[in-house]
Amino acid sequence: MAEAAPGNLGEYGLAGKVAVVTGGSSGIGAATVRRLAAAGATLAIGYNAGAERATSLIAGLPGAGHIALPTPMEDSDALRAAAAAVEARLGRCDVLVNSAGATRAVPHADLDGLDDALIDRVLVTNVRGPFATIRAFAPLLRRSGDGVIVNISSLAAQKGSGSSIIYGASKAALDTMGMALARVLGPEVRVLTISPAAVATDFVPGRSRAAVEKQAAASPLRRVTEADDVALAIMGAITHLRLSTGTAILVDGGVHL
C-alpha cells in the first residue's frame, strides 16, 4: 500500500500556473478567465464560435502570454490539437475548467419537442466533449503533479430540472464522470464540480433575466446568481479545497431546499 503524503497544503497559488478554460469567451467561462488571470495564471481561452470575443477578452487581462484557441466540443481531434498547442506554446497545464456547454429550452412535458438532433447535440457538447477535453489534457495535468479539473454542472443534474430533460441528464452524466475521473486521476489531479442554479447569462436562448430573478426571489438567499459568483466558487475549489475531489458543490442560493 502506498504511503499517505503530508497535508497542511495551504492555498493553491496560481502565479506561474497555466489554466485552460473551455467556453472561456463568454458567461461563466469569461468571468472565470478574469479571476484566474487576476490571481496570476496564464490563460488559454478555449472557444467555439467566439474567436473575436476571446481575443478581445485577452486584451483586457492582466499579465502576459495569454492565448486563445479553438476547443470545439464535438471534435476530439481538435481538442487533442488544443492540448498540443498549450504544451508547445505555454509548456504546461495546471488547471482545466470545463465551462463549454449547450442547451435549448424545451418544456419537460413536450416530449416530441425534444428531438433527436437536440439530444445528440447536448450529449456531445455536455458529456462527450468534456471527457474528450480531459482525456486530451490529462497527461499535462498529471505532469504538473498538482493539477485541478473543475467541471461546470448544474442544479438540474440533482433535481431533474433545467431548460430541458436532456440538459439535466447530461449534467448528471458529467457529475458521475467527475467522480470516476477523481478516482483514476488522483493523486496528481483533483476533480471538482461546481453546480449553479439559473445564472444571469445568455446561456439559455430566450431565457429572460426576469425569469432568473423570479427563481432567485424564491430561494433562501434571494440573490441573483451572476457569472462572477460562479467564478468565485470555481476559484475557491481551485485554491482552497485542496483535499476535496470527486464532489459537486452547489452555488444556488439555496434553491435546492
Side-chain angles (χ1 to χ4, degrees), residues 21-32 46-50 71-75 97-134 149-181 191-216 218-219 224-227 229-231 233-234 247-256:
V21 181
T22 69
S25 68
S26 63
I28 293 169
T32 303
Y47 64 85
N48 184 17
T71 54
M73 291 294 102
E74 72 280 3
D75 189 339
V97 180
N98 275 311
S99 185
T103 191
R104 190 179 78 215
V106 179
H108 287 207
D110 184 7
L111 301 187
D112 290 329
L114 192 59
D115 58 74
D116 289 352
L118 177 60
I119 291 171
D120 290 348
R121 184 168 76 91
V122 170
L123 289 177
V124 167
T125 305
N126 296 359
V127 183
R128 195 188 80 187
F131 178 81
T133 305
I134 292 168
I149 297 168
V150 181
N151 294 321
I152 309 306
S153 183
S154 171
L155 175 63
Q158 300 185 26
K159 295 191 68 175
S161 57
S163 52
S164 71
I165 289 175
I166 197 61
Y167 177 74
S170 73
K171 292 302 187 179
L174 184 65
D175 290 357
T176 300
M177 189 169 68
M179 289 189 286
L181 287 168
V191 183
L192 291 152
T193 299
I194 298 295
S195 300
V199 183
T201 68
D202 59 1
F203 173 64
V204 180
R207 183 179 66 187
S208 67
R209 184 178 177 89
V212 177
E213 291 176 350
K214 181 178 180 181
Q215 184 187 85
S219 71
V224 174
T225 304
E226 306 284 356
D229 296 314
V230 184
I234 294 166
T247 190
I249 299 142
L250 290 174
V251 183
D252 69 342
V255 172
H256 69 283

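- Listed for the H256 side chain is no donor-acceptor partner under 3.5 Å among the backbone atoms of A197.
- If you take OG on S26 and CG on N48, they are separated by 10.5 Å, rounding to the nearest 0.5 Å.
- No hydrogens or angles considered: a donor-acceptor pair under 3.5 Å links the side chains of T103 and S163.
- Annotation: salt bridge (charged side-chain N to carboxylate O under 4.0 Å, His left out) contacts of R104 (sequence neighbours excluded): D115.
- A pairwise comparison of heavy atoms in S219 and G254 identifies CB-C, 4.4 Å as the closest pair.
- Not a single donor-acceptor pair under 3.5 Å links the side chain of S195 to the backbone N or O of A248.
- In terms of modelled atom types and a separation under 3.5 Å, the side chain of D75 and the main chain of P72 share no donor-acceptor contact.
- Applying the side chain to side chain donor-acceptor pair (under 3.5 Å) test to T193 and every residue at least two apart in sequence or in another chain returns nothing.
- For the pairing with P196, the side-chain contact (heavy atoms from CB on, under 4.5 Å) check across L250, V230, I249, D229 returns one residue only, V230.
- Across A156 and S161, no two heavy atoms sit closer than the pair CB-O, 3.3 Å.
- For the pair K171 (side chain) and I152 (backbone), a donor-acceptor distance under 3.5 Å is present.
- Crowding of K214 atom NZ: a count of heavy atoms from other residues, nucleotides or ligands under 6.0 Å not exceeding 12.
- Judged purely by atom type and a 3.5 angstrom limit, S170 uses its side chain to pair as donor or acceptor with the backbone of Y167.
- Of the possible polar contacts, none joining the T125 side chain to the M73 backbone as a donor-acceptor pair under 3.5 Å is found.
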* Show the numbers, then the answer: is there a side-chain contact (heavy atoms from CB on, under 4.5 Å) between R209 and V224? => CA-CA 9 Å; R209 184 178 177 89; V224 174; 3.9 Å; yes

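- Of the candidates N126, I134, T133, V97, I134 is the only one forming a side-chain contact (heavy atoms from CB on, under 4.5 Å) with N151.
- The salt bridge (charged side-chain N to carboxylate O under 4.0 Å, His left out) check on E74 picks up nothing, with sequence neighbours excluded.
- In this structure the side chain of V199 never reaches within 4.5 angstrom of the side chain of V212, judged on heavy atoms.
- Closest approach of A102 and R121 over heavy atoms only: CB-NH1, 3.5 Å.
- The distance from the CD atom of Q215 to the OG1 atom of T225 is 7.5 Å, given to the nearest 0.5 Å.
- Note that OG of S153 is 5.0 Å distant from CG of L174, once rounded to the nearest 0.5 Å.
- Of all heavy-atom pairs spanning G50 and S25, the tightest one is O-CB, 3.6 Å.
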* To do: List the steps, then state whether side-chain contact (heavy atoms from CB on, under 4.5 Å) holds for N98 with V21.
  => CA-CA 6 Å; N98 275 311; V21 181; over 6 Å; no

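- Counting only distance, with no hydrogens or angles, the side chain of D175 and the backbone of M179 share no donor-acceptor pair below 3.5 Å.
- Using a 4.5 Å cut-off on side-chain heavy atoms (C-beta onward), L192 and I149 make no contact.
- Here the closest heavy-atom approach between residue A100 and residue G23 is recorded as CB-N, 3.8 Å.
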